[in-house]
Amino acid sequence: MKKLQWLQRYTSVIPGLLIVLAGALPASSAMAAAAAIPTYTYEVVHAYPHDPNAFTQGLFFKDGFLYESTGLQGRSSVRKLRLETGEVLQKTDLPRQIFGEGITWWDKRLIGITWTTQAGYVLDLDSFAFQKEFNYKGEGWGLARNDKEIIMSDGTAELRFLDPETLRETRRIKVTADGKPVDQLNELEWVKGEIFSNIWQTDMIARIDPKTGKVVGWINLKGILPMGDRILNQPDVLNGIAYDAAKDRLFVTGKLWPKLFEIRLIKR
Ligand code: DDQ
Ligand code: CA
């Protein structure tokens with residue numbers, strides 16, 4: 001009897017208490033919403049050697065080879081690599097004043113952008129011979145492509161789409177997760193209808209719906225490069241995603257990383 005009275009008294013209070021608690025913790029609803037975005041971890045399928053002096057800024061895979069651009073003033077370059085050995089098969093240095101950023105390709109051309117010079121360059125994809133320069137406003141960070149367009153990041157939460165022939169901007173999307181902008185979008189890759197973008201200075205890759213700009217998945221690569229291989233408090237962060245569509249292989253590396261990994265995603 002006593003127990004019942006106790007129960008009656010307190011059950012009437014509990015709903016009110018919950019409302020008060022929910023109001024006091026606005027983060028809880030945001031966390032619940034964040035939990036709705038699927039997260040992925042990874043499994044390393046292969047680890048390959050990668051030049052630890054390459055400050056990786058752009059990466060793509062084409063016809064059996066990796067192409068990489070590197071940054072830093074006076075150390076920027078474009079390279080063609082053998083995946084299995086990391087061997088540099090071909091290389092051209094960019095002018096000293098240029099800080100190299102993302103690269104992609106279209107037909108027989110390799111297209112690259114630079115960090116703060118508001119200028120990009122076009123090279124012959126086979127010979128790496130310089131063809132022309134083009135311009136854009138703002139910073140240049142990552143580049144990627146799909147069947148119709150070139151996609152560019154600039155450090156903000158916006159992605160630009162460029163016409164592959166004129167290299168002029170045609171439109172933009174804003175990238176959001178739970179309605180909040182996601183900035184620091186860096187190296188990009190088009191993977192099976194989504195845009196993958198690593199977030200600068202984190203181990204996270206956002207999977208972005210190209211129509212809405214919404215983040216539809218987070219890939220957490222925490223621990224992929226053992227801490228012993230990292231220079232503490234240095235800029236050797238995850239940067240570089242390449243996809244081999246023919247063999248459905250996904251590659252990642254980072255700035256100054258001694259390794260490049262083929263990974264398989266695991267849904268948590
Ligand atoms: N960005 O590629 C994210 C756009 C810029 C990276 C700039 C990092 C500069 C670090 C310089 C450290 C010198 C070892
Ligand atoms: Ca890429």
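Here, residue 1 is the first one in the sequence, and each next residue gets the next number. These numbers were taken from a predicted model, which means no experiment stands behind them. As the structure lists them, so they are numbered: ligands from 1, and atoms in each ligand from 1.
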When you compare the side chains of Gln118 and Lys137, does any donor N or O come within less than 3.5 Å of an acceptor on the partner?
no

Classify the contact between Asn186 and ligand 1 as side chain, backbone, both or neither, using a heavy-atom distance cut-off of under 4.0 Å.
side chain

Answer yes or no for Ile241: is there an N/O/S atom below the 3.0 Å cut-off from the Ca ion (ligand 2)?
yes

With a distance cut-off below 6.0 Å to the six-membered ring centre and an angular limit of 45° from the axis, does Arg171 pair with Phe161 as a cation-pi contact?
yes

Counting from 1 in the order shown, the ligand 1 atoms closer than 4.0 Å to a non-hydrogen atom of Gln57 are 2 (O)

Glu101 neighbourhood, listing ligand 1 atoms whose heavy-atom distance to it stays under 4.0 Å
1 (N), 2 (O), 4 (C), 5 (C)

Is Gly155 near ligand 1, meaning one of its heavy atoms is under 4.0 Å from it?
no

Have Glu68 and His50 got a donor and an acceptor in their side chains that come within less than 3.5 Å?
yes

Closest to atom 8 (C) of ligand 1 among protein heavy atoms sits Phe55 CZ, 3.9 Å

Is the distance between the Ca ion (ligand 2) and the nearest N/O/S atom of Leu188 smaller than 3.0 Å?
yes

Lys255: numbered ligand 1 atoms lying under 4.0 Å from its heavy atoms:
1 (N), 2 (O), 3 (C), 6 (C)

Please work out whether the ring planes of Phe60 and Tyr67 are parallel, tilted or perpendicular, with thresholds of 30° and 60°.
parallel

Does a donor on one side chain sit under 3.5 Å from an acceptor on the other, for Asn220 and Asp203?
no

Look at the aromatic rings of Tyr136 and Phe134 and report parallel, tilted or perpendicular, splitting at 30° and 60°.
tilted

For ligand 1, which atoms, with element, lie under 4.0 Å from some heavy atom of Trp200?
3 (C), 6 (C)

Any N/O/S atom of Leu59 sitting less than 3.0 Å from the Ca ion (ligand 2), backbone or side chain?
yes

Does the side chain of Thr253 come under 3.5 Å of the side chain of Thr56 through a donor N or O and an acceptor N or O?
no

How far is atom 13 (C) of ligand 1 from its nearest protein heavy atom, and which residue and atom name does that atom have?
Leu72 CD2, 4.1 Å

Do you know which N/O/S atom name in Glu189 is closest to the Ca ion (ligand 2)?
OE1

What are the atoms of ligand 1, with element, lying closer than 4.0 Å to any heavy atom of Pro235?
12 (C)

List for me each residue that meets salt bridge (charged side-chain N to carboxylate O under 4.0 Å, His left out) alongside Asp248, sequence neighbours excluded, and say none if there are none.
Lys192

Using side-chain contact (heavy atoms from CB on, under 4.5 Å) as the criterion, point out the one residue from Asn146, Asp147, Ile241 that pairs with Trp190.
Asn146

